[in-house]
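Here the structure comes first, spelled out in C-alpha cells, and everything after it is commentary.
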Amino acid sequence: MHLNLFVYGCGHHSAAWRHPDSQLERLTSIDYYEDLALLSERGRLDAIFFADGHSAREVDQAPGWSVEPITALAAVAARTERIGLVTTVSSTFFTPFHAARHLASLDHLSRGRIGANIVTSMWDAEARNHSLERMPAHAERYARADEFIETLIRLWDSWEDDAIVGDRAGIYADPAKVHRIDHAGEHFRIDGPLTVPRPPQGRPVLFQAGASETGRALAARWAEAIYAVAFDIEAGREYSGDVKRRIAEAGRDASSVAILPGLVAYVGSTEEEARRKKAALDALLPVEHSLAQLGLFIEQDASGWDVDAPMPELPPASEFTGPQGRYRTILRMIEVDTVDGVRPTVRQVLGRLAAGGGHATMIGTPEGIADEMQRWVEAGAADGFNLMPPLLPGSLEDFVEQVVPVLQRRGLFRREYGEREMFRERLGLPRP
Ligand SMILES: Cc1cc2nc3c(=O)[nH]c(=O)nc-3n(C[C@H](O)[C@H](O)[C@H](O)COP(=O)(O)O)c2cc1C
C-alpha cells in the first residue's frame, strides 16, 4: 500500500496546537518540516504532502497556513534523500507558466521526487486576495483547471529529454528539441517553451482531489494519484470503484492510479490508551465554538448542550433538509461510537468532527489499526492512505514506530525504497 503524510500545522485535530506536546513555536521554522519529513522517510512513507489555501482563517482558533508549501519543500528537498514531496497548486490563482516553472525546478532540486495536487480553490476570501470579487462558479473553476493541467504538461514537454547538448565548443541546447507550445485557449495564452529543462521525472506526478461529478471527470482525465475523503469502507469502495471506472473509460490504466483516502489514526499499546489520546485532544476543544459549528452542520441550536452528556437523537437523514454529506457522516459517527447501546458523548462527536471531519478515523492498537487498513485495501476501498496525524509529531511517531512495522511484517508495506527510484516509479507510474 501507499502511505503519505499530510502535513498540517500542529496536527489534524483542530485543538492540536493547544496540546502541551504540540510544536506551536516551530510552525514557521524549517527544521519542524524537515524533522517531519525525516521521520516519514524513516518510516519509508511514499511522500509528504502539503495542502494549501490563500486566505487567513479564524486566526483566534487555529494557526492556519503558516508557510507556503513550495518554499518549504525546496528546503525539505535539501535535507531528505528519498521521500516524495507533494505540494498543492491552485489552478484558480496560479498561471500555468508559474506553476510549471516552480514544479520543474523543484523536481530538479529534489532529483525527481515532486508531485503536485492540482486544486480548484473554494473560498471568496481567497479570490479577494487575487484581484477577484468572488470565486468563479464551480464549472468555470473546473474548466480552467482542465486547461491548466493540459498546459502544464505541454510546458514540461517543451524540452525534449535530450535537448541539452552541453558542448562547450558548440551549442548548449539543440533548438530543434526545445519547442514553443503556442497555446491559445479560453483561459491562457502561452508561447513557451518553459525556462526550465525537462524535469527528471519527465513530468512531476499529478495528484487531484475533488468529489463532485466534474471533479471526478477531471481526475479521470489527468490524475496519476488521488486524495479522497471516505468515512468508511463502503464510502471508499463507492468512490474508488466509480473513479477507477471513469479512468478506464478515459482509456487510461486505472490500476496505476493510487486512491488515497485520509486517515486519522490514534495509536495506543491498548485500545484504552488510544482512546485516552483522543480524549486528551477532545478535552482541549473550545466548547462554545465547537457547538456553534456542530449547530451549523445539523441545523439545530446546539449552544446549550452539555458536552459530557450523551449525544441527543438526531432526525434521520431523510428528514434533514440541509447539505446531506456532512449530516450523514455525523449520523455514522454517532453509530460507530455507540457501544452496547450507549451513545457517545457530545464531546466525542465534536472530537471526531474536529480531527479530519469526514475522513476515516481508526482508534486502537498497532495490530488493530493494521487489520483495519488491510481490510480497506483488500475491499478495494483504498490503495493506501493519506495519513492525517491528529497531533504532530507525536501521532506520526506512534504510527511510524508501531503501525508501520506491523504492515511491513505482513508484507503490506515496503521495508526499503527502491534503488535510485524516482517518485513516479514508486507509485508504479510510467515515465512520460
Ligand atoms: C481530499 C481533498 C483535499 C483538498 N485539498 C485542497 C487544498 O489543499 N487546497 C484547496 O484550495 N482545495 C483543496 N481541495 C478542494 C478541491 O480542489 C475542490 O475545490 C473542492 O473539493 C470542490 O470541488 P468538488 O465539488 O469537486 O469536491 C481538496 C479537496 C479534497 C476532497
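When atom types are taken as modelled, the side chain of W17 and the backbone of S22 share no donor-acceptor pair closer than 3.5 angstrom. Under a 3.5 Å cut-off, the side chain of E68 and the backbone N or O of T71 do form a donor-acceptor pair. A donor-acceptor distance shorter than 3.5 angstrom exists from the side chain of R252 to the backbone of A220, with no hydrogens or angles considered. A donor-acceptor pair under 3.5 Å is absent between the side-chain atoms of E34 and the main chain of R79, judged by distance alone. Using a distance-only test at 3.5 Å, with no hydrogens or angles considered, no donor-acceptor pair links the side chain of S29 to the main chain of Y32. The backbone N or O of L392 lies less than 3.5 Å from no partner atom in the side chain of S395, so there is not a single donor-acceptor pair. When atom types are taken as modelled, the side chain of Q408 and the backbone of R414 share a donor-acceptor pair closer than 3.5 angstrom. No side-chain donor-acceptor contact under 3.5 Å links N4 to the backbone of I48. A donor-acceptor pair under 3.5 Å is formed between the side chain of H108 and the backbone N or O of R198. Between the side chain of R101 and the backbone N or O of L194, no donor-acceptor pair lies under 3.5 Å.
A heavy-atom distance below 4.5 Å is found between the side chains of R431 and D161. When side chains are defined from C-beta on, E273 does not count as touching T365, because their heavy atoms never get closer than 4.5 Å. By the 4.5 Å heavy-atom criterion applied to side chains, F50 and T88 are not counted as neighbours. Between F297 and T329, the closest side-chain pair of non-hydrogen atoms is not below 4.5 Å. The closest side-chain heavy-atom distance from I149 to L206 is below 4.5 Å. Looking at L281 and Y266, their side chains come closer than 4.5 Å, going by heavy atoms from C-beta outward. Using a 4.5 Å cut-off on side-chain heavy atoms (C-beta onward), D282 and H13 make contact. Counting only heavy atoms from C-beta outward, the side chains of P96 and I190 approach each other to under 4.5 Å.
T28 and S66 make their closest contact through CG2-O, 4.0 Å (heavy atoms, listed as atom of the first residue, atom of the second, distance). Here the closest heavy-atom approach between residue L45 and residue L387 is recorded as CD1-CD1, 4.0 Å. The minimum heavy-atom distance between A37 and V76, with the atom names listed, is CB-CG1, 3.5 Å. The nearest pair of heavy atoms linking A274 to G364 is CB-N, 3.5 Å. For the residue pair L155 and G192, the shortest heavy atom distance occurs at CD2-CA, 4.2 Å. Shortest non-hydrogen contact noted between G356 and V264 is CA-CG2, 4.0 Å.
Listed by first then second residue, pairs satisfying salt bridge (Lys or Arg N to Asp or Glu O under 4.0 Å) with a partner in residues 384-413 read K277-D398, D371-R410, not counting sequence neighbours. The salt bridge (Lys or Arg N to Asp or Glu O under 4.0 Å) analysis of residues 171-185, with sequence neighbours excluded, yields the pairs D162-K177, R180-D182, R180-D191. Residue pairs satisfying the salt bridge (Lys or Arg N to Asp or Glu O under 4.0 Å) criterion with at least one member in residues 141-154, sequence neighbours excluded, are listed as follows: D146-R221. For residues 123-134, the set of pairs meeting the salt bridge (Lys or Arg N to Asp or Glu O under 4.0 Å) definition, not counting sequence neighbours, is empty.
Salt-bridge formation is not detected for the pair E41/R82: no Lys NZ or Arg NE/NH1/NH2 atom is positioned less than 4.0 Å from an Asp or Glu carboxylate oxygen. Between K278 and D337 there is no salt bridge, since no side-chain N of the basic residue sits under 4.0 Å from a carboxylate O of the acidic one.
Heavy-atom neighbours of E213 CD from other residues, nucleotides or ligands within 6.0 Å: at or below the threshold of 12. Summarising the local packing, CZ of R326 is surrounded by 12 or fewer heavy atoms from other residues, nucleotides or ligands at distances under 6.0 Å. In R237, the CZ atom is not crowded: 12 or fewer heavy atoms of neighbouring residues, nucleotides or ligands sit closer than 6.0 Å. For E234, the CD atom is loosely surrounded, since the number of other residues' heavy atoms within 6.0 Å does not exceed 12.
With values rounded to the nearest 0.5 angstrom, L85 atom CG is found 4.5 Å from I114 atom CD1. Rounded to the nearest 0.5 angstrom, L39 CG and L396 CG are separated by 4.0 Å. With values rounded to the nearest 0.5 angstrom, R113 atom CZ is found 8.5 Å from I83 atom CD1. The structure places CZ of R26 at 4.5 Å from CG of D31, a figure rounded to the nearest 0.5 Å. In this structure, CD1 on I330 lies 5.5 Å from CG on L294, to the nearest 0.5 angstrom. The CG atom of L350 lies 5.5 Å from the OG atom of S290; values are rounded to the nearest 0.5 Å.
Under the rule for a side-chain contact (heavy atoms from CB on, under 4.5 Å), the partners of E335 that lie at least two apart in sequence or sit in another chain are R332. The side-chain contact (heavy atoms from CB on, under 4.5 Å) search around E58 returns D60, Q61, H289, not counting sequence neighbours. Taking Y33 as the reference, nothing meets the side-chain hydrogen bond (donor to acceptor under 3.5 Å, both in side chains) condition, with sequence neighbours excluded. Not counting sequence neighbours, the partners of E416 by the side-chain hydrogen bond (donor to acceptor under 3.5 Å, both in side chains) test are R44. Partners of F385 under the ring-ring contact (aromatic ring centres under 6.0 Å, His included) rule, at least two apart in sequence or in another chain, are W376. For W65, the ring-ring contact (aromatic ring centres under 6.0 Å, His included) partners at least two apart in sequence or on another chain are Y8. Partners of H54 by ring-ring contact (aromatic ring centres under 6.0 Å, His included), not counting sequence neighbours, listed by chain and number: F93, H130. For the ring-ring contact (aromatic ring centres under 6.0 Å, His included) test, no residue two or more places apart in sequence or in another chain qualifies with H179.
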Test R216 against Y239 for side chain to side chain contact (heavy atoms under 4.5 Å, CB included), laying out the working first. CA-CA 9 Å; R216 293 179 190 208; Y239 179 80; 3.6 Å; yes

Should F399 and L3 be marked as a side chain to side chain contact (heavy atoms under 4.5 Å, CB included) after you check the CA-CA gap, both sets of side-chain angles, and the distance that decides it? CA-CA 11 Å; F399 193 92; L3 294 175; 4.0 Å; yes

Does the pair F97 and T195 meet the rule for a side chain to side chain contact (heavy atoms under 4.5 Å, CB included), with working shown? CA-CA 9 Å; F97 196 82; T195 49; 4.1 Å; yes

Show, in sequence, the C-alpha distance, side-chain angles and deciding distance for E299 and Y327, and conclude whether the side chain to side chain contact (heavy atoms under 4.5 Å, CB included) test is met. CA-CA 9 Å; E299 299 194 347; Y327 191 75; over 6 Å; no

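Between F94 and H98, the two ring planes are perpendicular [angle over 60°; tilted spans 30° to 60°].
Ring pair F207/F49: centre-to-centre distance not below 6.0 Å.
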